[in-house]
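What follows is a set of notes on a single structure, which appears directly below.
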Amino acid sequence: MSVYDSLTRSVRPLAPRRPGELSVYCCGPTTYDVAHVGHARSAVAFDLFVRVARSHGLRVQFVRNVTDVDDKILARAKESGEEPPALAARMAELYAEDMRALGCADPDVEPRVSQHIAQIHSLVTRLVASDSAYVVPGPAGTGGDVYFRVRAFAGYGKLSGRKLEELQAGARVEVDERKQDPLDFALWKGCAAAEWGWDSPWGRGRPGWHIECSAMSEAILGHGFDIHAGGMDLIFPHHENEIAQSEAAFPARAPFARTWMHNGFVNVDKEKMSKSLGNFVTLRDVLARNDGQALRLYLLSHHYRGPVSFDVDKLDDGRVVFPGIDEAERKIEYLYTTLARLDAMTVALTAGELPKEYAAALERVKAAHARALAALADDLGAAAAIAATYEIAGQLNEAMDLHQKRKADRGHLARVIGAGTLALREITAVLGLLTVPFARWARETRERRCRIRGLDPAAIEAEIQARADARAEKDFARGDAIRAALAAQGVELLDGPSGTTFRVAV
RNA sequence: GGCGCGGUAGCCAAGUGGUUAGGCAACGGUUUGCAAAACCGUCACACGUCGGUUCGAAUCCGAUCCGCGCCUCCA
């Protein structure tokens, strides 16, 4: 498989440092608030990457950190009166819940900054000793700061494609008297003795923003690990600074990371969804209304490096809906319905020559299967894989339709159905879709939709019984009136051979 | 100002030198007591604009118009 590398700006074959193994470090959340759709995009993109890599037989060690020490956490905790570590732990738990709801596997290792202060001290000390960083003493009673000397690292700017002169020409860098150069950035920030922090060789303080990822990735994966991943907004300055720190500290062990992967943004009204613009939608909001798998499918329907727009509609009654996610949820329902139909039927294969019509169908299924796997292997072409998935599902449903109609051809059709089932299950597994068992999905979906629409399932069942009674008396007009009344509430009645069931519309 | 990304049929969205992407909506069918689901067909010989290269360009090159991002906390 191959992936796009931000450092070389090209799609390159994956070449792990140790054959058969893949070490991945992904920048996780700063836990001062609940996650929004932008966080979901990053998590889903790299969960997909890990799934595809594993499907290629690689033993992946997936590390995603939690930044649980940060000024924003402190500020938010002060507002609410909560202790900063308690707030950070609470938000980390909510983040993990949200990501699981999106079908993301838990990371193999989830390091916390608060558990790696010693490693941070050691790295900063090393940088100071080699003159890559300098200490600025703080006021009385306050710890000192440590800054990284950007000009001491020759490769600065290689990831983001920036030159030092251009950065200065930008002239939007905050002027800080204590820095020797405006571009220097903090490795350690001093604080007052009473404030949230840790003692250090430079006095009381907290880590700077970028140092934690350098320290934790080194601690867990060592230098020269395979993949460093995160959102595109982290390229500069975060990842650029990580490279500078790590490679300045251990020049002999460069590169810090072999390949850099970055996901694109989620846009609302063509603008980036972000905290600062205030245009974000939290995952709590989305998951209250929609299936997490629907959001996952929606995100995967767009290439991970391009932009994704996230539409929000306000209905007349004030309710907020997400039309794109509703549509994706119907597609999830289609795929589940197809699988449920498969599970309910028994097929028996026949050997021998396949008639031309069925041979062609089998060929289409196999071609779509191969296309999906090839697309995923080529820089995570999930959208193309999903398109192939619909083709397979369509072929499967057609074959199942014919299986009911053409009894004599059942053995032939069983071969198409068998190949399609295998393909559908394999591709959706790699995509991380349909990971929830059908029965549980059906139950949870019905409960959620009833709750949203304010419906009582028991009352619906009573109406269904009333309609059955009417139909038994050949009073079709009354039966149809009941159907129409329920339909107006978003309840569709499904008449099947074993009675009537219902589904609630998205 | 510097660096970068994108403009594909009514809508969403892949692809990226020659052969059907896919979905949604709409419409017409098959099926159904009526429906739903499922399936078939149509919309679809689409690729911002103008030039150029080529036997052939949505795809490569140049110019240009729009939109967006990063350069400051950010996934």
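Quantities reported herein were computed from a predicted structural model and do not represent experimental measurements. Proteins come first, then strands; the chains are lettered A, B, ... in the order of their sequence lines, and each starts at number 1.
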Whole-Å distance separating the [atom1] atom of [X] from the [atom2] atom of [N]:
X        : N     : atom1 : atom2 : value
A:Asp233 : B:G69 : CG    : P     : 12 Å
A:Phe438 : B:A37 : CZ    : P     : 15 Å
A:Lys270 : B:G69 : NZ    : P     : 11 Å
A:Leu431 : B:G22 : CG    : C1'   : 13 Å
A:Glu165 : B:C3  : CD    : C1'   : 14 Å
A:Leu300 : B:G23 : CG    : C1'   : 15 Å
A:Met273 : B:A75 : CE    : C1'   : 11 Å
A:Tyr156 : B:C3  : OH    : C1'   : 14 Å

Fill in: Lys/Arg cation over aromatic A:Phe236: A:Arg162, 6.0 Å, 45° cone
yes

Discussion item. Between A:Lys331 and A:Arg162, which residue's closest nucleotide on RNA chain B lies nearer the 5′ terminus?
Written reply: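 The 5'-side residue here is A:Lys331.
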
Fill in: Residue among A:Arg206, A:Arg112, A:Glu212 satisfying side-chain contact (heavy atoms from CB on, under 4.5 Å) with A:Val69
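By the side-chain contact (heavy atoms from CB on, under 4.5 Å) criterion, A:Val69 pairs with just one of A:Arg206, A:Arg112, A:Glu212: A:Arg206.
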
Check every strand shown and say whether [X] touches a base, only sugar-phosphate, or nothing at a heavy-atom separation below 4.0 Å.
X        : value
A:Lys272 : base
A:Leu493 : base
A:Leu494 : base

Look for any protein N or O under 3.5 Å of an N or O in nucleotides 38-42 of chain B and output each such pair with its distance, or none.
from  : atom 1 : to       : atom 2 : distance (Å)
B:A38 : O3'    : A:Asn397 : ND2    : 3.4
B:A38 : O2'    : A:Arg341 : NH1    : 3.2
B:A38 : O2'    : A:Asp401 : OD1    : 3.3
B:A38 : O2'    : A:Asp401 : OD2    : 3.2
B:C39 : OP1    : A:Tyr334 : OH     : 2.5
B:C39 : O4'    : A:Asp401 : OD2    : 3.1

Fill in: Nearest-angstrom distance, C1' atom, B:U31 to B:U8
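Rounded to whole Å, the distance is 36 Å.
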
Atom pairs under 3.5 Å: protein N/O with N/O of nucleotides 11-20 of chain B:
from  : atom 1 : to       : atom 2 : distance (Å)
B:A14 : OP1    : A:His303 : N      : 2.9

What class does the angle between the rings of [X] and [Y] fall in, given that below 30° is parallel, 30 to 60° is tilted and above 60° is perpendicular?
X        : Y        : value
A:Trp260 : A:His262 : parallel
A:His39  : A:Tyr95  : perpendicular
A:His228 : A:Phe256 : tilted
A:Phe438 : A:Tyr336 : tilted

Response to the item:
Note, RNA chain B 5' to 3' with Watson-Crick or G-U pairs under 3.5 Å encoded as ( ), [ ], | and . gives (((((((..(((.....[...))).(((((.......))))).....(((((..]....))))))))))))....

Sub-3.5 Å pairs of nitrogen or oxygen atoms, protein against nucleotides 29-33 of chain B:
from  : atom 1 : to       : atom 2 : distance (Å)
B:G33 : N7     : A:Arg471 : NH2    : 3.3
B:G33 : O6     : A:Arg467 : NH2    : 3.1
B:G33 : O6     : A:Arg471 : NE     : 2.8
B:G33 : O6     : A:Arg471 : NH2    : 3.3
B:G33 : N1     : A:Asp480 : OD1    : 3.0
B:G33 : N2     : A:Asp480 : OD1    : 3.1
B:G33 : N2     : A:Asp480 : OD2    : 2.5

Worksheet item: Is a side-chain N or O of A:Glu240 found less than 3.5 angstrom from the main chain of A:Leu159, in a donor-acceptor match?
Response: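 Yes: the side chain of A:Glu240 pairs with the backbone of A:Leu159.
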
Discussion item. Does A:Arg453, at its CZ atom, have more than 12 non-hydrogen atoms belonging to other residues, nucleotides or ligands within less than 6.0 Å?
Written reply: yes

Discussion item. Please determine whether the number of non-hydrogen atoms from other residues, nucleotides or ligands lying under 6.0 Å from atom NZ of A:Lys366 exceeds 12.
Written reply: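 Result for NZ/A:Lys366: open.
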
Worksheet item: Of all the choices, B:C71, B:C73, B:A75, which nucleotide is nearest to the side chain of A:Phe236 once you look at every atom?
Response: B:C71

Could you give the side-chain donor-acceptor pairs of residues 479-492 of chain A under 3.5 Å, partners two or more places apart or in another chain?
from     : atom 1 : to       : atom 2 : distance (Å)
A:Arg483 : NH1    : A:Leu493 : O      : 3.2
A:Arg483 : NH2    : A:Asp495 : OD2    : 3.1
A:Glu492 : OE1    : A:Arg503 : NH1    : 2.6

Item to complete: Mind listing the residues from residues 26-42 of chain A sitting with a heavy atom below 4.0 Å of RNA chain B? Number order is fine.
Response: A:His36, A:Gly38, A:His39, A:Ser42

